[in-house]
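Since the structure comes first, as structure tokens, the remarks are kept for the end.
What you see below is based on every heavy atom in this structure, not just the backbone, and it leaves out hydrogens, waters and symmetry mates. Just so we're on the same page: letters track the sequence lines, and every chain starts at 1. Fair warning: this is a prediction, and the values are worked out from it, not measured in the lab.
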Protein chains: 2
Amino acid sequence: MSNEQALQQYDVKKYRTPDGYTSDIAVFTILSAKAETFKPPFMDLQIMLIKRSMLDSEGRPNMEAGKWALPGGFVDPEESAFQSAQRELREETGVDHIHLEHFGVYDTPGRDPRGWIISNAHYAIVPEHLLSERRANDDASEVELFSVEKVLDLDLAFDHARIIQDAIAVIRQKLLETTVAKEFLPEEFTYSELQAVLKTVTNDSAIVLDAAFARKIKSLPFIQEVPGKKTTRTSKKPTQLYRFIDVEVNNSIYHAKK
Amino acid sequence: MSNEQALQQYDVKKYRTPDGYTSDIAVFTILSAKAETFKPPFMDLQIMLIKRSMLDSEGRPNMEAGKWALPGGFVDPEESAFQSAQRELREETGVDHIHLEHFGVYDTPGRDPRGWIISNAHYAIVPEHLLSERRANDDASEVELFSVEKVLDLDLAFDHARIIQDAIAVIRQKLLETTVAKEFLPEEFTYSELQAVLKTVTNDSAIVLDAAFARKIKSLPFIQEVPGKKTTRTSKKPTQLYRFIDVEVNNSIYHAKK
DNA sequence: CAAATAGTGTCTTTGAGACATTATCGG
DNA sequence: CCGATAATGTCTCAAAGACACTATTTG
């Protein structure tokens, strides 16, 4: 085939190319505030940010030093942005094998003063207990969790305010429109635990009212009772356990719900 | 602030950077096959591809010459990938001010033999009549529409088979889960016209059965009757016209439909 | 037994789904 | 008046929403 000829004559310098290709990761977790015995949980959706060091790893002044930012970094040539996000999350937080999804590209000219730098934004869902191992790395002097209600009041680096805002909107939508809520829950969970996760993103009466939600969970096609299995972790009265099952959810706005 | 210091010492060559940054556009249109008078339309969802020239604009052998490919091209440094997609669509097809959306990034190492080339994929919805002006440009020897049912049988350039497959899945989902169907319809339309658009992507009985759909359209919260306005373009009996209204659609899988 | 959470009984209302029937017009 | 498409009548069944009531356990 003639691709070889074409390749020989191809001038890789013909077009101006980006000055950098990066991945950013919006790491979400849910903290169970006041986890008392025999109480349904009260949960808060949080996002993990790093505080950028004053000096970079080579001892020079760092860009956007002292500001809060999404963890992330440059993509290596032999990996995709998604793989880079996985790798960075592993390197920076020790967390692996979690739900990670690409949700946007940020490439507006001028978004990064260092030049033409393209960032791929991902969101990650990390169970609370896995974040205990988190640690600060080269570029970060601190690592902290912030409630999504308050994170946008911070002084944020680059265009990360925008990216974080988008990430919050995406995870809100995903929690309600897909079954990702399961990533925040144990394998088997009670109706009030699922309810607590959903209440971090909606106030709708069908979800907030206990009786309505306890009844509804039984008719949801993607959730199944674990036969005969109960727990007392959320109340004195033993509570039925449920699990997610893999069925495709028809989310058409023109169809009735099945 | 200290960003200026940091910038002075920043070495733009510190990281290996991509060899190219491109946009691809999956242009969809709907062809009304056999548009007879007093007949509801029968529609077919199609995608526009170009056939890559044997020689490039400078007369050298072209990459992936002779294969079918998505229109697209290199992003300029002073624009975003989205703007580049708009520009290329305008330049290559003369079409502007249409629905255009980013849906994915393709950056798997080795996807393009020319090097480390990142592509942002977009889909566009173009009304049939606007595509009459389309024309072949430098890199394209032919421009043609293909039914989404058959397009994947072609010999496609680069990883465009994958991108096209994803684009078709995205537009199927968007047509059913959002109100983008309106981009394929006139401002005011009949139930059977909307039904014909949806039938290009689903066989579900609630949509295929006339009586059911004619009744359902009245209860959809995002569609409104145009009071007293009827047309005879789809049948001898005058048919009620409808229009989309802007309301946010609650697509939660945990809620009842409102 | 008091308190708290889980879960059901019951009633009303809404609408989905299926199928038959009626309405309207051009030719 | 035939044929085709649009639209409604009617019946059944499922479930949503609201609210009261019952069940189960611990301290």
Specify the separation, in whole Å, of atom [atom1] of [X] and atom [atom2] of [N].
X: L220(A); N: dA15(D); atom1: CG; atom2: C1'; result: 12 Å
X: H255(A); N: dG15(C); atom1: NE2; atom2: P; result: 18 Å
X: Y254(A); N: dG15(C); atom1: OH; atom2: C1'; result: 19 Å
X: K216(B); N: dT8(D); atom1: NZ; atom2: P; result: 16 Å
X: F213(B); N: dC19(C); atom1: CZ; atom2: P; result: 20 Å
X: I207(B); N: dG17(C); atom1: CD1; atom2: C1'; result: 14 Å
X: K230(B); N: dT5(D); atom1: NZ; atom2: C1'; result: 13 Å
X: I217(A); N: dA15(D); atom1: CD1; atom2: C1'; result: 17 Å

*Should the ring pair F146(A) and W68(A) be called parallel, tilted or perpendicular, given that the plane angle runs from 0 to 90° and is split at 30 and 60?*
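The rings of F146(A) and W68(A) stand perpendicular, inter-plane angle above 60°.
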Contact class for [X] (heavy atom, under 4.0 Å): base, sugar-phosphate, or nothing?
X: S192(B); result: sugar-phosphate
X: A206(B); result: sugar-phosphate
X: T190(A); result: nothing

_Position toward the 5' end of DNA chain D (nearest nucleotide), K236(A) or Y242(B)_ =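 Closest to the 5' end, via its nearest nucleotide, is Y242(B).
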*Where each residue is assigned the nucleotide of DNA chain D containing its nearest heavy atom, which of K237(A) and T234(B) is assigned the position nearer the 5′ end?*
T234(B)
*N or O in side chain of Y191(A) less than 4.0 angstrom from dG7(C) OP1/OP2*: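 For dG7(C), OP1/OP2 do not have a side-chain N/O of Y191(A) under 4.0 Å.
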*For dG7(C), does OP1 or OP2 lie under 4.0 Å from any side-chain N or O of K218(A)?*
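The answer is no; no side-chain N or O of K218(A) sits under 4.0 Å from OP1 or OP2.
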*Return the nearest nucleotide to the side chain of P238(A); candidates are dA6(D), dA7(D), dT24(D).*
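Selected nucleotide: dT24(D).
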*Of Q224(B), E225(B), E187(B), which is the lone residue that meets side-chain hydrogen bond (donor to acceptor under 3.5 Å, both in side chains) with R243(B)?*
Q224(B)
*Do Q195(A) side-chain atoms and V208(A) backbone N/O form a donor-acceptor pair below 3.5 Å?*
yes
*side-chain contact (heavy atoms from CB on, under 4.5 Å) between I171(A) and I47(A), worked out*: CA-CA 11 Å; I171(A) 201 167; I47(A) 186 170; over 6 Å; no
_So, taking the atom named NZ in K174(A) and the one named OH in Y123(A), what distance separates them when rounded to the nearest 0.5 Å?_
4.5 Å
*asked:* Once hydrogens and angles are ignored, does a donor-acceptor distance under 3.5 Å link the base of dG9(D) to the side chain of R215(B)?
replied: yes
